[in-house]
Undergrad: 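One structure follows; several queries about it will come next.
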Protein chains: 2
Amino acid sequence: MDKKNNKNESRCALQEILDVIGGKWSMSIIYALFTGKKRFSELERLIPNINTRMLVKELKNMEANGIVTRQVFATVPPTVEYTLTTKGEKLQPSINELHKWGLEFVG
Amino acid sequence: MDKKNNKNESRCALQEILDVIGGKWSMSIIYALFTGKKRFSELERLIPNINTRMLVKELKNMEANGIVTRQVFATVPPTVEYTLTTKGEKLQPSINELHKWGLEFVG
DNA sequence: CGGGATCCGGAACGATACTG
DNA sequence: CAGTATCGTTCCGGATCCCG
């Protein structure tokens, strides 16, 4: 049932790294969460051109990978907040390096 | 004709970063090339489970993105060597960081 | 507000067979 | 040796509508 964990045990960590940052919107979401917890609609606003389904999908994937925490508040209307876990926060050096590389070579 | 450069000008560097490292085999190839120039067949041996078509495709993509240099020697049988460009080499810090993250959190 | 359900086109990926 | 060509499949991502 857990589609994330039984991918292929012969694969090294590279494949899970890709599963975390390889999605089209993954890095944008992580990047947005570096500045602190965000509501679903905030993320939707912060990330141009993403659509609802994709945001949901990525967030679920990240939750399954232990990158984000989902916190639901039983308010009306409902409130949901997403926060990076420690594991997620520790992606910051990697993403900063990639970002620096991008600035230098892509513009 | 150059399908790589006219992707979408409104996109930021993230998308090209993904184009470079987001492929299933991209990081494996770059990683292999960190230790120096490699022939096509060497890469094929060094990277388990990759198939010819994928290796060709990724290498072409990387060449188009200025990550690797392709050098052909008119020998019989033919010899082709792939080397990281400066742009490609400068991915090392990023990939090392990702690798460290993987070791800590994935195993 | 925060999603779920469904449909769809195209890209990514894989396995072979063939070639200069 | 270093690819090309072809085919088949799976999966990703986008659009849209709906629901509590």
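Because the structure is predicted, anything quoted here is derived from the model rather than measured. We name chains A, B, ... by the order of the sequence lines, and we start the count at 1 in each one.
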Undergrad: Applying a 4.0 Å non-hydrogen cut-off, can you work out what A:Thr75 is touching in the nucleic acid: base, sugar-phosphate, or nothing?
TA: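 Result for A:Thr75 = nothing.
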Undergrad: Could you tell me the separation between the CZ atom of A:Arg45 and the P atom of C:dG2, rounded to a whole number of Å?
TA: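 About 10 Å, once rounded to whole Å.
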Undergrad: Using the ring pair (Phe, Tyr, Trp, His ring centres under 6.0 Å) rule, collect all pairs that involve residues 30-68 of chain B, keeping only residues at least two apart or in two chains.
TA: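 Qualifying pairs: B:Tyr31-B:His99.
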Undergrad: Closer than 4.0 Å, any side-chain N/O of A:Lys24 to the OP1 or OP2 of C:dA12?
TA: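 Indeed not, no polar side-chain atom of A:Lys24 lies that close.
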Undergrad: Around B:Lys87, counting heavy atoms of other residues, nucleotides and ligands shown, do more than 12 lie under 6.0 Å from its NZ?
TA: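 Atom NZ in B:Lys87 is packed in, count exceeds 12.
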Undergrad: Closest approach to the side chain of A:Ser41, judged atom by atom: which nucleotide of C:dG2, C:dC13, D:dG14 is it?
TA: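 Ranking C:dG2, C:dC13, D:dG14 by closest atom to the A:Ser41 side chain puts C:dG2 first.
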Undergrad: Run the salt bridge (charged side-chain N to carboxylate O under 4.0 Å, His left out) test against A:Glu44 and tell me which residues pass, sequence neighbours left out.
TA: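 Listed in chain order: nothing, the list is empty.
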Undergrad: Considering only C:dC13, D:dG13, C:dG4, which nucleotide approaches the side chain of A:Glu58 most closely?
TA: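 Looking only at side-chain atoms, A:Glu58 lies closest to D:dG13.
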Undergrad: Kindly give the atom pairs (protein nitrogen or oxygen, nucleotide nitrogen or oxygen) under 3.5 Å for nucleotides 15-20 of chain C.
TA:
from, atom 1, to, atom 2, distance (Å)
C:dA15, N6, B:Arg53, NE, 3.3

Undergrad: Using a 4.0 Å heavy-atom cut-off across all strands, classify B:Phe73 as base, sugar-phosphate, or nothing.
TA: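 Here B:Phe73 touches no strand at all.
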Undergrad: Heavy atoms only: give me the nearest A:Glu89-A:Leu84 pair and the separation to one decimal.
TA: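 Where A:Glu89 meets A:Leu84 most closely, the heavy atoms are CG-CB, 3.9 Å.
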Undergrad: Does B:Lys57 place a side-chain N or O at less than 4.0 Å from the phosphate oxygens OP1/OP2 of C:dG14?
TA: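 Negative; the distance criterion is not met.
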Undergrad: Could you state the CE-P distance from A:Met54 to C:dA11, rounded to the nearest angstrom?
TA: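 Going from A:Met54 (CE) to C:dA11 (P), I get 15 Å.
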